[in-house]
Amino acid sequence: MQQFAYERPSTLGDAMALLVAGGDAARPLSGGTDLIIRLRDRTIQADVVVDVKRVPELAPGIRRVGDRLVIGANTVMTDIAADETIRSRFTALAEAAIVVGSVQIRNRASLAGNICNASPAADTAPALLVFGAVVVVAGPEGVRRIPIDAWFVRSGVTTIGPGELVTAIELPLADGPVASTHVRRTRRRGHDLASVTLAVAVPKEGPVTLSYGSVGPRPWVVTDSSGILGDPASTVTARAVALDRLFSSASPSPTSMRASPEYRLAMLRVLGMRALETAHRRLGEAAA
Ligand SMILES: Cc1cc2nc3c(=O)[nH]c(=O)nc-3n(C[C@H](O)[C@H](O)[C@H](O)COP(=O)(O)OP(=O)(O)OC[C@H]3O[C@@H](n4cnc5c(N)ncnc54)[C@H](O)[C@@H]3O)c2cc1C
């Protein structure tokens, strides 16, 4: 393990000052399930590690504020998966959180860490994308609210700026019922990232939104304007054609050790079909 200074500020101002002073060589730490591994294998070099778990503005917690659900940056996967509002109204996010790593990992792994690490295979990313989440960041210039689709750039890169910290992730509460689900393929659960990860949200009225990851440099979100995917009676063939059109951004790496591009693309369609079926069934059950 490389040598670094460990700082544990208890105010947002002190945390930001440490990050600004450290520049590229300073890194925030939440659960450490990504960062510590990368410091150890030296894919990240840091002189200063700034533990943000004592910063009140980033505190764990899930609360309703007006028409939004606000999830504190340091909220861990275990708590996201157990939250009643997330389970009922943002089901895909609860399902994504519960498949991250193992029990031990989920007790440490924060939502902010998952999106800041910006792996194309990050399990919570597709769910956050289909729900139109907003990332709240605080920095030396003040607070910014970034739509999650504008957050991911490519593997390991987001639109966060120097000295900025994610303080919360917000989810807009929909007016009507929305059924959703998250599905994935992985080689070994608990030990490996997903080969394909996908979420779908089917509202009672309005277009279906789908998001998929681990098949390109970042997770993508798409909306079905054809109406086929929102129709519970549409045929398998029509759905397959509509899905293939929406998956046109998928460009899996030919050199990945996890799966071949052919396998990932085939699984993308299979998972898309299954996710749609599940979401339609849930919407039907909710209406019954
Ligand atoms: C064995 C194992 C299995 C795993 N399985 C999965 C899996 O199935 N699915 C999956 O998606 N991931 C998985 N992961 C990856 C990891 O657990 C998640 O990405 C986790 O959510 C990261 O959160 P953390 O709090 O541990 O982040 P940290 O490691 O503390 O930080 C991750 C990155 O985010 C930055 N950061 C942290 N907090 C903030 C903040 N508030 N503002 C700005 N930057 C911040 C850090 O500087 C770092 O770059 C696995 C990891 C391990 C070790």
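Treat the numbers as computed from the prediction; the structure is a model and nothing was measured. When a ligand or atom number is given, it counts from 1 through the structure's own listing order.
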Can you check whether [X] has an N/O within less than 3.5 Å of an N/O in ligand 1?
X	result
S110	yes
D123	yes
L58	no
V166	yes
L35	yes
G32	yes
P28	yes
E164	no

Looking at [X], which atoms of ligand 1 are within less than 4.0 Å of one of its heavy atoms?
X	answer
L29	30 (O)
G101	3 (C), 4 (C), 5 (N), 6 (C), 7 (C), 8 (O)
I37	53 (C)
I160	43 (C)
G31	24 (P), 25 (O), 26 (O), 30 (O)
R27	49 (O)
M77	21 (O)
V99	8 (O)

Requested in this report: From atom 38 (N) of ligand 1, work out which of S30, A15, G213 has a heavy atom at the shortest distance.
Outcome: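 Nearest option to atom 38 (N) of ligand 1, by heavy atoms: S30.
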Query raised in the report: Is it true that R38 lies under 4.0 Å from ligand 1, counting heavy atoms only?
Result: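 False for this residue.
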Report task. Determine, using heavy atoms of Q104 and all atoms of ligand 1, whether some pair is separated by less than 4.0 Å. Result ->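 No heavy atom of Q104 comes that close to ligand 1.
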Query raised in the report: Take atom CG in D41; do more than 12 heavy atoms of anything else shown fall under 6.0 Å from it?
Result: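 For D41, atom CG is crowded (more than 12 foreign heavy atoms under 6.0 Å).
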Would a distance-only check, ignoring hydrogens and angles, find a side-chain to backbone donor-acceptor pair under 3.5 Å from [X] to [Y]?
X	Y	value
D224	L229	yes
R264	S195	yes
T159	A150	yes
Q2	I44	yes
R106	I98	yes

Query - Salt-bridge criterion met for R218 and D149 (N-O under 4.0 Å) - result: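 Result for this pair is yes, salt bridge flagged.
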Query - Interatomic spacing from CZ in R87 to OG1 in T85 - rounded to 0.5 Å - result: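 Taking CZ in R87 and OG1 in T85, the distance rounds to 11.0 Å.
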Query raised in the report: Would you say L129 and W151 are hydrophobically clustered, going by side-chain heavy atoms of ILVMFWY under 4.5 Å?
Result: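 Same cluster: L129 reaches W151 through Ile, Leu, Val, Met, Phe, Trp or Tyr contacts under 4.5 Å.
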**Report entry** Member of E95, R274, R281, E277 meeting the side chain to side chain donor-acceptor pair (under 3.5 Å) criterion with T181
**Finding:**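 With T181 as partner, side chain to side chain donor-acceptor pair (under 3.5 Å) holds for just one option, E95.
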**Report entry** Heavy-atom closest pair, residues L128 and I115
**Finding:**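 The answer is CD1-CG2, 3.6 Å.
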